[in-house]
Amino acid sequence: MALSNVVETPASGFNFENVSRNVALEGLLEGGHTKAPKPMKTGTTIAGVVCKDGVVLGADTRATSGEVVADKMCAKIHYISPNMYCCGAGTAADTEKTTDLLSSNLTIFSMNSGRNPRVVMAVNILQDMLFRYRGQIGASLILGGVDCTGNHLYTVGPYGSIDKVPYLAMGSGDLAALGILEDRFKPNMELEEAKELVRDAIHSGIMSDLGSGNNIDICVITKQGVDYIRPYQESEYKDKRQRRYKYRPGTTSILTEKIVPLELEVVQETVQRMDTA
Amino acid sequence: MNTRGLRSQLKDSVPVTGMGPQVGAYGVQDTLRSGFSSVKNELLPSHALELSEKNFQLNQDKMNFSNLRNIQGLHAPLKLQMEYRAARQIQRLPFLQSSHLALDTLKGNDESISFEDILNDPAQSEMMGEPHIMVEYKLGMM
């Protein structure tokens with residue numbers, strides 16, 4: 001459809017045309033006792049710990065949408081690069097897209113330069129991106145990774161604030177998790193001890209916060225590689241629902257079996273070569 | 001990569017202008033989509049980010065050039081802007097989509113990906129402008 005008033009091509013990026021309409025609609029809906037659908041938040045507990053050999057990140061797996069659990073097996077630990085993973089709290093779509101963009105940017109960089117990206121580079125890109133949108137992108141992230149300068153753990157807030165710390169918890173269950181971390185953290189811990197500490201921190205977040213729950217995922221990043229254990233621990237209140245409702249072969253017992261072979265003879269055979277270039 | 005501009009560079013940022021009339025398909029106020037027309041709607045942005053996003057690239061460029069001028073002298077931004085202008089001139093006709101490959105390479109956009117590349121891609125826009133009007137506008141005949 002050709003429009004007579006379009007004199008320039010539309011700008012790419014975010015489009016704010018519908019904002020005033022949405023504000024007006026929101027006002028009408030509230031008056032009519034109905035609500036606009038809420039975006040899916042992760043309402044989460046995420047934690048990270050720097051240990052002697054690397055970084056351990058942990059997260060729960062519940063995603064909420066208002067008062068309903070929207071996803072019981074949400075993956076909150078996102079891949080950024082072979083040596084970096086990022087846990088995300090806040091609006092689920094925002095954390096996913098932001099970490100995806102970050103991962104793409106770092107892949108382009110590592111292809112151009114031939115190196116694994118450093119954690120500071122990822123943090124700077126995130127900070128620039130989130131500050132540009134003044135916190136409208138609701139993503140609080142914990143970025144952990146191992147690079148040539150050592151093991152690093154950073155937190156990035158939704159407005160672009162960063163902090164570099166040895167142990168960290170974010171999300172709605174962060175106060176409970178931080179209690180455990182503050183009590184038992186020691187610098188230069190062993191890997192197994194660090195995994196147990198992160199597990200306990202996420203567990204206390206799950207117990208004390210409504211927005212966190214279900215399973216615990218753990219991601220261990222070391223110089224040798226990454227171990228993404230999903231799930232590290234499953235909750236006892238697991239769903240017994242089966243996803244597939246097909247019957248197993250052998251459910252109906254076979255009473256008799258009669259095989260009739262179909263006899264064919266080859267009358268004509270032609271071979272046509274396919275052009276596979 | 002954003003440079004950390006000094007406050008003195010603020011004078012080089014693009015001044016704020018109004019949002020303009022909310023015209024629809026036939027050149028009049030589109031009441032169904034943007035509500036009744038009012039002076040407030042035309043002057044103030046409806047979203048906190050609308051103004052800053054409209055001028056974001058321009059502001060970034062001005063800040064970067066200003067910094068470059070302070071560090072390396074006037075010749076550096078002049079040469080760069082000359083190259084940008086040359087790359088911007090050779091494009092397709094206004095209603096057709098050009099790739100802006102040379103301009104992207106000069107600006108360094110070919111090595112990064114952001115929301116401008118994903119959302120609202122002009123190459124996949126569902127509306128087309130009227131070709132005669134767009135060419136007349138570009139040539140200044142309108």
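Just so it is clear: chains get the letters A, B, ... in the order the sequence lines come, proteins before strands, and each one is counted from 1.
Residue with the most contacts toward chain A among Asp121(B), Asp117(B), Leu119(B): Leu119(B) (heavy-atom pairs, distance under 4.5 Å). For chain A, the option among Ser114(B), Ser52(B), Ala48(B) with the highest count of heavy-atom pairs below 4.5 Å is Ser114(B). With chain A as the partner, the residue from Ile113(B), Val135(B), Asp110(B) showing the most heavy-atom pairs under 4.5 Å is Ile113(B).
Heavy atoms of Phe131(A) lying under 4.5 Å from chain B are absent altogether. Only the side chain of Glu53(B) comes within contact range of chain A, with at least one heavy atom under 4.5 Å from a heavy atom of that chain. The parts of Asn105(A) that come within reach of chain B are both its backbone and its side chain, each placing non-hydrogen atoms under 4.5 angstrom from that chain.
Taking the charged nitrogens against the carboxylate oxygens, Glu116(B) and Lys107(B) have no contact shorter than 4.0 Å, which rules out a salt bridge. Ion pairing between a basic and an acidic side chain is recognised when a charged N comes within 4.0 Å of a carboxylate O; Arg62(A) and Asp71(A) show no such pairing.
For Tyr79(A) and Tyr85(A), the gap between ring centers is short of 6.0 Å.
Checking Glu96(A) against His78(A) by side-chain atom types alone, no donor-acceptor pair falls below 3.5 Å.
Looking at Tyr154(A) and Leu168(A), their side chains never come closer than 4.5 Å, going by heavy atoms from C-beta outward.
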